[in-house]
2 protein chains.
Amino acid sequence: MIVKKDLPACPVATTVGLIGNKWKLLILRDVLGGAKRFGELHKSLEGISQKVLTDNLRSMEEDGLLTRTVFPEVPPRVEYSLSRLGDSMRPIIKNMEEWGLKYKELAAKATQE
Amino acid sequence: MIVKKDLPACPVATTVGLIGNKWKLLILRDVLGGAKRFGELHKSLEGISQKVLTDNLRSMEEDGLLTRTVFPEVPPRVEYSLSRLGDSMRPIIKNMEEWGLKYKELAAKATQE
DNA sequence: CGGGATCCATTGCGATACTG
DNA sequence: CAGTATCGCAATGGATCCCG
């Protein structure tokens, strides 16, 4: 599902409009590994406040990147998982992961000198 | 050149720390096409203020992603180009571009229905 | 447990003016 | 041209309380 926003002319800007934000990228990273509960995300994303996490999750849900599933239990359980659209971002995160790994190798070398 | 910051354990977080920001990603996009002058970037990045552009350029320079070259002319000319480290981010931006293109196709289809 | 609602401090950022 | 400096507002985000 795609919700209309004004799409910028540049495709990169389009993508950046959806995930050009620290937390969204990290949320994506977490959810790539499978559905996550609110509390799990909150723990994993160190430093994020409940409010900001909620805001980002809502936004990503609106944009069709995430699927929110409520399990009618007591206590309530809510899971966030990747939609098909969200899953199509996997290569982007994968690239960032690979880049980060290489960067850390470089940083390690630079340190030992 | 790599400047030390505290590197997070997660490689994705490492990358996000350097470019997990709307403007930096768009600056990267612009500079991928070759060296750009300050004014060119300012025009291309619609909506950015001079201050924020300067701040981001400085930050990216500190992080070793960009190279800043001053030409001792009158009027002064300053060019920003990709360092080797910055250039290694090309695949990430490329992915985002491809994703944006596909997304726009989807959006177009959804509209015509 | 997973939020919604408030209130408030902090900051980000735009606008403007000035300079080498 | 490519900045730096300053000011002041608006928005972001943190903390807290409450609820289904």
Side-chain angles (χ1 to χ4, degrees), chain A residues 5-6 8 13 16-28 30-31 33-83 86, chain B residues 5 8 13 16-28 30-31 33-63 65-83 86:
Chain A
K5 296 188 175 181
D6 308 317
V16 167
L18 296 181
I19 55 165
N21 154 312
K22 171 182 175 182
W23 294 121
K24 289 187 181 180
L25 287 164
L26 295 179
I27 290 171
L28 226 47
D30 281 4
V31 179
K36 293 281 178 300
R37 300 184 56 165
F38 184 88
E40 288 182 281
L41 292 171
H42 195 196
K43 239 180 304 173
S44 168
L45 305 170
E46 288 179 48
I48 197 172
S49 72
Q50 198 178 47
K51 183 189 177 189
V52 174
L53 176 53
T54 304
D55 289 349
N56 278 283
L57 289 172
R58 290 288 172 279
S59 165
M60 295 174 74
E61 198 191 345
E62 274 181 39
D63 291 336
L65 298 176
L66 293 184
T67 305
R68 180 170 180 269
T69 311
V70 182
F71 295 86
E73 310 170 356
V74 179
R77 192 171 106 227
V78 178
E79 282 191 357
Y80 295 89
S81 56
L82 282 178
S83 67
Chain B
K5 298 188 174 182
V16 167
L18 296 181
I19 55 163
N21 155 311
K22 173 183 176 182
W23 294 120
K24 290 187 181 178
L25 287 163
L26 295 180
I27 289 171
L28 226 45
D30 281 2
V31 180
K36 292 281 177 300
R37 300 183 57 163
F38 184 88
E40 290 181 281
L41 292 171
H42 195 195
K43 239 181 304 173
S44 167
L45 304 170
E46 289 180 47
I48 197 172
S49 71
Q50 200 178 44
K51 183 189 177 193
V52 174
L53 176 54
T54 303
D55 290 349
N56 278 283
L57 289 172
R58 290 287 173 279
S59 166
M60 294 173 75
E61 198 191 344
E62 275 182 39
D63 291 337
L65 299 176
L66 293 185
T67 306
R68 180 170 180 269
T69 312
V70 181
F71 296 85
E73 310 171 356
V74 179
R77 191 170 107 226
V78 178
E79 283 190 356
Y80 295 89
S81 57
L82 282 178
S83 67

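Model, not experiment: these values are computed from the prediction. Keep in mind that the numbers below use all heavy atoms, side chains included, and drop hydrogens, waters and symmetry copies. Below, chains carry the letters A, B, ... as their sequence lines are ordered, and counting in each starts from 1.
The shortest non-hydrogen separation linking B/Leu82 to B/Leu66 is CD2-CD2, 4.1 Å. The two residues B/Glu79 and B/Ala35 have their closest heavy-atom pair at OE1-CB, 3.5 Å. Shortest non-hydrogen contact noted between A/Asn56 and A/Trp23 is ND2-CB, 3.9 Å.
Distance alone, capped at 3.5 Å, places no donor-acceptor pair between the B/His42 side chain and the B/Ser49 backbone. For A/Thr54 (side chain) and A/Gln50 (main-chain N/O), a donor-acceptor pair under 3.5 Å exists by modelled atom type. Remark: side-chain polar atoms of A/Ser83 are paired, donor with acceptor, to backbone N or O of A/Leu65 under 3.5 angstrom.
The span of DNA chain D lying next to chain A, judged by atoms under 4.0 Å from heavy atoms, is bounded 5' to 3' by D/dG13 to D/dG20.
The side chain of B/Gln50 has C/dA17 as its nearest neighbour among C/dG3, C/dA17, C/dT6.
Qualifying salt bridge (Lys or Arg N to Asp or Glu O under 4.0 Å) partners for B/Glu46, counting only residues two or more places apart in sequence or in other chains: none.
The CD-C1' distance, from A/Glu40 to C/dC1, rounds to 12 Å in whole Å. When the P atom of C/dG4 is taken as reference, atom CG of A/Leu53 falls 11 Å away, rounded to whole Å. For the pair B/Asn56 CG and C/dC13 P, the interatomic distance rounds to 8 Å; values are reported in whole Å. The CZ-C1' distance, from B/Arg58 to C/dG12, rounds to 18 Å in whole Å. Between B/Lys51 atom NZ and C/dT16 atom C1' there is a gap of 13 Å when expressed in whole angstrom units. Distance, A/Leu57 CG to C/dC1 P: 17 Å, rounded to whole Å. Between B/Ile48 atom CD1 and C/dG14 atom C1' the separation is 12 Å, expressed in whole Å.
Near DNA chain C, meaning a heavy atom under 4.0 Å away, the residues from residues 67-78 of chain A are A/Arg68, A/Pro75, A/Pro76, A/Val78.
Side-chain N/O atoms of B/Lys24 and B/Ser59 include a donor and acceptor closer than 3.5 Å.
Taking 4.0 Å as the cut-off between side-chain N and carboxylate O, B/Arg77 and B/Glu73 count as a salt-bridged pair.
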